[in-house]
Protein chains: 2
Amino acid sequence: MTAAAHRPATLEDVARSAGVSRSTASRVIAGTGFASPAARERVAAAADRLGYVPNPAARALVRGGGVRLVVAVAGPGASVLDDPYVHRVVGAAARVCAPAGIGVALHWLPLGERSSLDRLAGDGSVCGVVLVNTTEELLEAVPRSLRGRVASIGIGSATVPSFDVDNDAGASEVLRHLYATGRRRIAMVSGPRWLPCSQRPVVAYRRLMRQAGMPERVLPGDFTAASGRAAAGEALRRWPDLDAIYAISDETAFGVIAALRDGGVRVPGDVAVAGFDDIPLAGMTAPALTTASHPVGRIAAAAATAVLDRRPAAPVTLFPSALVARDSA
Amino acid sequence: MTAAAHRPATLEDVARSAGVSRSTASRVIAGTGFASPAARERVAAAADRLGYVPNPAARALVRGGGVRLVVAVAGPGASVLDDPYVHRVVGAAARVCAPAGIGVALHWLPLGERSSLDRLAGDGSVCGVVLVNTTEELLEAVPRSLRGRVASIGIGSATVPSFDVDNDAGASEVLRHLYATGRRRIAMVSGPRWLPCSQRPVVAYRRLMRQAGMPERVLPGDFTAASGRAAAGEALRRWPDLDAIYAISDETAFGVIAALRDGGVRVPGDVAVAGFDDIPLAGMTAPALTTASHPVGRIAAAAATAVLDRRPAAPVTLFPSALVARDSA
DNA sequence: CTGAAAGCGCTAACAA
DNA sequence: TTGTTAGCGCTTTCAG
């Protein structure tokens, strides 16, 4: 453990200090190729003595590997980068990448703009891309050269493996819970129309409603609490007989509950409310939110790992969604 | 706009295509040094045609600049990396770094372990470090070679500039609000004892209580809702005459409110509760949380920018905390 | 098993 | 104003 010199120690320094050539030192450090036990030990000792840390940038340069993993978030505006969900993804990815000496960058992908993806593909420092909130259009625009080092959290395509929560099963479970507890006039607040993966729960909802002979009532939202507020007001106006609202995100559900409360509607007495995601605070509010928990961190870690390892991933990897029945429904 | 070739275009490709030397191309692309308008234009055209993107890794290698900014979070366990606050910091940093071709890595810094910092300093690919939740001990262990490219979100030192919210003013404002609305027996739920910057509000609290001749009642917490629950129970037991609880984080405040509710104590009727941070949901709950809003994203962005630009920052940069009076207090 | 040599993509003296 | 020449720190043939 040496006081870090002003200039970081290089492999050359280690080699000299160990009395071997740079190649030998490289083989030992990288753990690749042959080296005598003696050489192995001397190099290890020298590296330790000098506080040597391999430079991933130099390594990437010669290997053509890249040094950053880009989390690319599609959306109508750059403000999508402020989303807590996105931050969770970036945090999980950064954690997975750190040991490999890989950094994470956060980019906004304007909807329907293919040049951004081309730029990423043409950047030799980019080792891979994790797409968030993708559209079919964007998926089609993924350049050939990105294949094998791109993954999507959300919908995928033939060339882009998808890592996502089992939206269909999750939504169905919540809906069945609502049904089992006697709710028959269930409205749904959906995600933004441009986001395909948020349509999955809507499809499940419609199917279930039809099967049960219950009315289909879908209102558009955008994951925010504000959109939940607005949707709840609208729902109350259009369907006074309403007895449940299923929101596609917890934030939205909280907005729904707030609007209901303002309108003098009791939750769950008059109207049950369920969310989706199970954010940390979901269990602390009054009423505590009934929702489905999603392993966002694990999903992001899996996507990042697939990209890092260039491991040919299954076309679709689904993560389980688990109903958390609390007070609101 | 060329379909990204399998191998990203290099400066050499651009130079050849423009009919100039690599150096000239470099000067034009990097915007440094001289170049005739003619050359300038031809290089620009070639770069555009080839979809050329400079490779930050190669650039960093020759300039000795590094390619990753490390967000190093101190704490007793690696689980500190799961914190939403940390994710916000990483997200903001990643956003600031992306245009420069710099990635962000997330590291856990075990309390009192100096070798981690030495490793970071000895890694040539690290362009800088943003410390989160630092201690004096860790600050002292910052290697010389990191000076000028390290910043702290929290307390700082002579060599490490600090970027933080004005904890003192923020806490005072909340406390004064509590006082102004008639509260006289105010308990405080503090942050973890090992975290110096979380002691600041406690100091402010003690000073104010003393000045007003009010009792000092501090209970330890750790920012989590669970610790808020526990602290509230304890507070009720020890101080039955309590009329307000000030929690050092919104999560904790929500835990406090939940415990109070469970105990049949009305908020704010019997006991007022105030938080700290103003998380997005603070305004949606019942009662809506009175708290102080903190520009976490801006703070993180400022710290990251200071490190990136190697700009000699002021020893301490304080960001304003703004009281948001809602229903809970 | 080891070392010499070439080169990843780029910048920065230096000479022309 | 431009091109030539050295590297940045590392891996990787290819000879020894």
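Order of the sequence lines sets the chain letters (A, B, ...), proteins ahead of strands, with each chain counted from 1. Keep in mind that the numbers below use all heavy atoms, side chains included, and drop hydrogens, waters and symmetry copies.
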Inset, instruction - Using a 4.0 Å heavy-atom cut-off across all strands, classify B:Ala39 as base, sugar-phosphate, or nothing. - result: sugar-phosphate
Inset, instruction - Verify salt bridge (charged side-chain N to carboxylate O under 4.0 Å, His left out) between B:Arg95 and A:Asp82, making sure each step is shown before the conclusion. - result: CA-CA 9 Å; B:Arg95 206 172 161 177; A:Asp82 291 326; 2.5 Å; yes
Inset, instruction - Name the closest nucleotide to the B:Ala35 side chain, picking from D:dT2, C:dT11, D:dC10. - result: D:dT2
Inset, instruction - Tell me which nucleotide among D:dT12, C:dC1, C:dC10 gets nearest to the side chain of A:Ser36. - result: C:dC1
Inset, instruction - Whole angstrom is fine here: how far is it from CZ in B:Arg40 over to C1' in D:dT1? - result: 10 Å
Inset, instruction - Could you check how far CD1 of B:Ile29 sits from C1' of C:dA12, rounded to whole Å? - result: 16 Å
Legend entry - Among C:dC10, D:dG9, D:dT1, the nucleotide that comes nearest once only the side chain of B:Asn55 is considered: C:dC10
Inset, instruction - Could you state the atom-to-atom distance from CG of B:Asp13 to P of C:dG9 in whole Å? - result: 8 Å
Legend entry - Heavy-atom donor-acceptor pair, B:Ser17 side chain to B:Asp13 backbone, under 3.5 Å: no
Legend entry - From D:dT1, D:dG9, C:dT2, nucleotide with atom closest to B:Leu61 side chain: D:dG9
Inset, instruction - Please state how far atom CZ in B:Arg59 lies from atom C1' in C:dC8, giving the value in whole angstrom units. - result: 16 Å
Inset, instruction - Would you kindly give the CD-to-P distance between B:Glu12 and C:dT11, to the nearest whole Å? - result: 13 Å
Legend entry - Donor + acceptor pair across side chains of A:Thr24, A:Ser21 (<3.5 Å): yes
Inset, instruction - Provide, to the nearest angstrom, the distance between the CG atom belonging to A:Leu11 and the P atom belonging to D:dT12. - result: 12 Å
Legend entry - Polar contact flag, side-chain donor to acceptor under 3.5 angstrom, A:Thr32-A:Arg27: no
Inset, instruction - Round to the nearest Å and state the distance from A:Glu41 atom CD to C:dC1 atom P. - result: 15 Å
Inset, instruction - Please determine, for the side chain of A:Arg7, which listed nucleotide (C:dG9, D:dG9, D:dC10) has the closest atom? - result: D:dG9
Legend entry - Any donor-acceptor N or O pair under 3.5 Å, side chains A:Ser162, A:Asp164: no
Legend entry - B:Ser152 and B:Thr134: side chain donor to acceptor below 3.5 Å: yes
Inset, instruction - Please evaluate the base of C:dG3 for a donor-acceptor partner in the side chain of A:Arg27 within a cut-off of under 3.5 Å? - result: yes
Legend entry - A:Trp194 (side chain) donor-acceptor with A:Thr135 (main chain) under 3.5 angstrom: no
Legend entry - Contacting residues from residues 18-26 of chain B, given that a heavy atom lies under 4.0 angstrom of DNA chain D: B:Val20, B:Ser21, B:Arg22, B:Ser23, B:Thr24
Inset, instruction - Calculate the interatomic distance between B:Arg63 atom CZ and C:dC8 atom P; express it in whole Å. - result: 20 Å
